Number of protein chains: 4
Amino acid sequence: MGRADEAEGNLAPGNLRPGSQAERLGDPPATESPARPGRPRDARAHRAIVDATIHLLTSQGYAKVTIEAIAARAGVGKTTIYRRWSSKGPLVIEAISELIHLGPMVDTGDIRKDLAAFLKAVVAALASPLVGGTIPGLTNDMAFDPEVAGPFRDFVVAPTRARLQAILDRAAARGGLPPGTDRELILDMLVGPVLWRALITGTRLDAGLAEHIVDKIVRGFDLRPANGHLPAGGSHN
Amino acid sequence: MGRADEAEGNLAPGNLRPGSQAERLGDPPATESPARPGRPRDARAHRAIVDATIHLLTSQGYAKVTIEAIAARAGVGKTTIYRRWSSKGPLVIEAISELIHLGPMVDTGDIRKDLAAFLKAVVAALASPLVGGTIPGLTNDMAFDPEVAGPFRDFVVAPTRARLQAILDRAAARGGLPPGTDRELILDMLVGPVLWRALITGTRLDAGLAEHIVDKIVRGFDLRPANGHLPAGGSHN
Amino acid sequence: MGRADEAEGNLAPGNLRPGSQAERLGDPPATESPARPGRPRDARAHRAIVDATIHLLTSQGYAKVTIEAIAARAGVGKTTIYRRWSSKGPLVIEAISELIHLGPMVDTGDIRKDLAAFLKAVVAALASPLVGGTIPGLTNDMAFDPEVAGPFRDFVVAPTRARLQAILDRAAARGGLPPGTDRELILDMLVGPVLWRALITGTRLDAGLAEHIVDKIVRGFDLRPANGHLPAGGSHN
Amino acid sequence: MGRADEAEGNLAPGNLRPGSQAERLGDPPATESPARPGRPRDARAHRAIVDATIHLLTSQGYAKVTIEAIAARAGVGKTTIYRRWSSKGPLVIEAISELIHLGPMVDTGDIRKDLAAFLKAVVAALASPLVGGTIPGLTNDMAFDPEVAGPFRDFVVAPTRARLQAILDRAAARGGLPPGTDRELILDMLVGPVLWRALITGTRLDAGLAEHIVDKIVRGFDLRPANGHLPAGGSHN
DNA sequence: AGCTAAACGAGACGGTACGTCGCGTCTTCAA
DNA sequence: TTGAAGACGCGACGTACCGTCTCGTTTAGCT
């Protein structure tokens, strides 16, 4: 995954990018060694497995997806799956990270609008059946299995963070970011409330929520448009 | 659970209150009928089950706790468990809601301090092995099982929300809450970032985090101390 | 199994005796304890399993019979099988010992005829698809698994031996058995050649074989008819 | 294998004769074509496979020996094995037939002694861990797989039979064999009881058993020493 | 010396069966 | 009617081997 790709981020259900990160998750050793002995892994099997996983994830939800069902649907032996992924978690992460995409990078020149676009994409992702129905199950596995937590952070969280950092970088370049701003906290406070609603309260996620959160963040962190003007001030309280 | 109890809230690992909410979750039918025919339910079995659940939850984590193991450890038949709880979720909720406690209500007269105290209690709860190791699993079940989601919201979320509302009520009475403030959003933006860190990023949770979040919230929502003075302004950015 | 039953012996495909030895093999603890706690084993499941085993044994042969297939055909969970039998071997032994039957005891008063009848029954059993197709597989398992060898000897070999001993007892009573005769060796030399042919050479087994073997045994062991006359002498060499 | 070799027979654990029958079983096509194109089969691989098979056979027993384990221990690809043997059976037969050896031909001039020597060799073979632990498994495969039964009869049974026939031939030449004697039956009745004990009853095999069996056979078949005298008559009954 | 073709090690592949675990329900006997 | 005990049908687990199939790499004999 190139730098540009990372900057573009992901996290919204979008276009499928065949084989992009496949090697990273499912075939770690294949990347470096120029020629391992023995028959090489079959790329078609890899695709079939990931596709089957996506299908089942969408139609059944994480908890009900079984390795057995994935194997059956992919027309593949179970061993072929276990050979590539240690458990359901990493496989699912690879599957959804192919589909999570934050959409094209938006650069409006206005940090409020940029943040709103970013957060709306996050909201859209968490509201989608695929991601929304998968995250809760993944958090479960992540809690006790580092083999799930690691890839999830690398392939889902990191790109999201990178996307936000790009926005903040531009804002800083325009002089709209107070010196010493805790950039990580901005991410936490933008995305956290959405996660809270998605997982815990079950409240409906919509674009308005994103706007309101951004409003408070802009004021709370004293972020300003490029020209240094004070923000117009949200009418929402 | 009385009004006072609710206002007191919960969410910090604390003292065990035997039999407090047990009847609500585990024994709904027992509440009404004053004298049912046949042998009455054995309260000791109830306690043994809940205690076993707490023990296993702490030592193994939600995902690895099974009804079978609980029954074995409690020295109880599985039927006896299913007679009281429809599934693992509600039982676990009862078990942890006994232990979750937000501590005594703090009233400093300063909304910033009140909020910080509140959020620190939340942080402490999510950082504890019991709650921290259980929430992720519960979110999984909540997503697909209303019988888990309902009780969780009633017994864990609602008291937390009530506690915050009490703080905001007092602030409003002192004139420190701008009219039209979205009180629900305050809860989301206070607790959400902590949840995000606990479940997703795995970043360490500490009291400093709570302070920083409160800082931004106070500024973002334009909250003021009782006398109407503007807040001193946090040094943290 | 009563004494009379034992004396009758078995080893020829014959009538099914429902539930006769079932408790001995599949439900060892049930025999003595008057009332074990918990739900008792289901006798219908037991029968269904044994019946399915017999069916598959006949149609596929020992090697191709799997626990999974038995469970499926019996409409039973695999655990239900493993709860009663430690492995395929003992189950198969129970199944065939129900069907192995040496037929009614023959008492002609002539030891030659008695032995011939006995050996013909053995030949018939080993020539049948059920027993003939099962013994080789069982010998395999017996060699390394005492849980197979024990029951096989108890339920298949012992009755056969008992049947022969009854014949020899009668002969001895008539004075037709030289003193000091090695009775065990008679069994070995009667049945051994038949087993050798069945398992190793694959030569066809027929009634003539039994006659010829008995001929040589009678002469070799100097067995005589009741009246003490010397045997007429077989024409076969 | 030459005629002399066959007459010598086998069936007792003995000296290893490298490469004797290897070509017959493992490399059938190599025998005729004087020069096939391509890389020739590697004789070291052949040996390594057979050696590994013998080792595993001795230490684990037929049933637990897998092609995979043989390949691993021989440091050889599975393909290399399947290229030479169609399945485990023929390979095992080749392995044990290397080790089975009836010892040097004995010619005492006394048929009783010749037969006893012969049968003692058979007993020794079946009592050895290698052969004794392998035969039961082989009988299983033989029952359903002609590719196992054929070679077994050719390489194990036939030499044994030939050895016995040579003894009988000599006896006949001395006039000690009644005309019309069923020579095959003698083999059956000599070896059968030993097999029966080895596979079924598990009774200990010893030299005494061989003596007793021969005793009864000599009397039963009316075999005589060269000079036509009646046998001395065994004291054993 | 180069070419061809099979053999070789390694190991991936689609399968089948294994024996185990936990589910939620049921059936027994004893309070 | 409750309770402990445990059997029941079921579904999935992760593993072991099967026999087959690629791979890249020898290793010969024949040009």
Side-chain angles (χ1 to χ4, degrees), chain A residues 27 34-42 44-46 48 64-69 71-72 74-84 86-88, chain B residues 36-42 44-45 48 64-72 74-84 86-88, chain C residues 27 34-42 44-46 64-72 74-84 86-88, chain D residues 34-42 44-46 64-72 74-84 86-88:
Chain A
D27 282 321
R36 285 191 302 167
R39 176 175 173 178
R41 301 260 171 93
D42 187 339
R44 287 170 323 193
H46 197 112
K64 296 196 177 175
V65 171
T66 67
I67 296 283
E68 209 129 81
V76 140
K78 278 195 288 180
T79 9
T80 302
I81 297 180
Y82 284 113
R83 205 173 282 128
R84 293 153 200 263
S86 60
S87 64
K88 190 171 65 165
Chain B
R36 285 187 302 166
R39 174 174 171 180
R41 297 238 174 119
D42 187 340
R44 286 168 325 186
K64 296 193 177 175
V65 171
T66 65
I67 294 283
E68 213 124 81
I70 294 172
V76 140
K78 281 196 289 176
T79 335
T80 304
I81 297 180
Y82 283 112
R83 207 172 277 131
R84 294 155 200 262
S86 61
S87 66
K88 188 170 65 163
Chain C
D27 283 320
R36 284 193 302 168
R39 175 174 173 180
R41 302 258 171 94
D42 188 339
R44 286 170 323 193
H46 197 112
K64 296 196 176 174
V65 171
T66 66
I67 296 283
E68 209 129 81
I70 295 172
V76 141
K78 278 196 289 179
T79 8
T80 302
I81 297 179
Y82 284 113
R83 205 173 283 128
R84 294 154 199 262
S86 60
S87 65
K88 189 171 64 164
Chain D
R36 284 187 302 168
R39 175 175 174 180
R41 300 251 172 104
D42 187 339
R44 285 169 323 187
H46 196 112
K64 296 195 177 174
V65 172
T66 66
I67 295 283
E68 213 125 80
I70 294 172
V76 140
K78 281 196 290 177
T79 335
T80 305
I81 297 180
Y82 282 112
R83 204 173 280 127
R84 294 154 201 263
S86 60
S87 66
K88 188 170 67 164

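This structure is a prediction, so every number in the text was calculated from the model and none was measured. Chain identifiers are assigned alphabetically (A, B, ...) following the order of the sequence lines, protein sequences preceding nucleic acid strands; residue numbering begins at 1 within each chain.
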When you get a sec, tell me which of [options] is the closest nucleotide to the side chain of [X]?
| X | options | answer |
| --- | --- | --- |
| D:Arg41 | E:dA7, F:dC17, E:dG9 | E:dA7 |
| D:Arg84 | E:dG14, E:dA7, F:dA4 | E:dA7 |
| B:Tyr82 | E:dG24, F:dA7, F:dG3 | E:dG24 |

Subject >> Minimum heavy-atom distance A:Ala71-A:Gly77, with the two atoms named >> reply: CB-C, 4.3 Å
Subject >> Shortest non-hydrogen contact between B:Ala48 and B:Ala74, atoms and distance >> reply: O-CB, 3.5 Å
Subject >> A:Ala69 or B:Thr80, whichever maps to the more 5' nucleotide of DNA chain F >> reply: B:Thr80
**OP:** For C:Ala74 and for A:Pro40, find the nucleotide of DNA chain F with the closest heavy atom, then tell me which residue's nucleotide is more 5'.
**Re:** C:Ala74
Original post:
Which sits closer to the 5' end of DNA chain E, A:Gly75 or C:Glu68, going by the nucleotide each is nearest to?
Top reply: A:Gly75
**OP:** Specify the residue among C:Ile67 and A:Asp42 whose closest nucleotide of DNA chain E lies further upstream toward the 5′ end.
**Re:** A:Asp42
As an exercise, state the distance from [atom1] of [X] to [atom2] of [Y], rounded to the nearest 0.5 Å.
| X | Y | atom1 | atom2 | result |
| --- | --- | --- | --- | --- |
| B:Lys88 | B:Ile81 | NZ | CD1 | 12.0 Å |
| D:Arg84 | D:Thr79 | CZ | OG1 | 11.0 Å |
| C:Thr80 | C:Arg83 | OG1 | CZ | 4.5 Å |

Report the distance from atom [atom1] of [X] to atom [atom2] of [N], rounded to the nearest whole Å.
| X | N | atom1 | atom2 | answer |
| --- | --- | --- | --- | --- |
| A:His46 | E:dG14 | NE2 | P | 13 Å |
| B:Lys64 | E:dG22 | NZ | C1' | 15 Å |
| A:Arg83 | F:dG14 | CZ | C1' | 13 Å |
| D:Ile81 | E:dA7 | CD1 | P | 15 Å |

Original post:
Is there a donor and acceptor pair closer than 3.5 Å between the side chain of D:Lys78 and the base of E:dG9?
Top reply: no
**OP:** Would you classify A:Thr79 as touching base, sugar-phosphate or nothing, given that sugar-phosphate means primed atoms plus P, OP1 and OP2, and contacts are heavy atoms under 4.0 Å?
**Re:** base
Short heteroatom pairs, N/O only, protein and nucleotides 29-31 of chain E, under 3.5 Å:
{"from": "E:dA31", "atom 1": "N3", "to": "B:Arg39", "atom 2": "NH1", "distance (Å)": "3.3"}

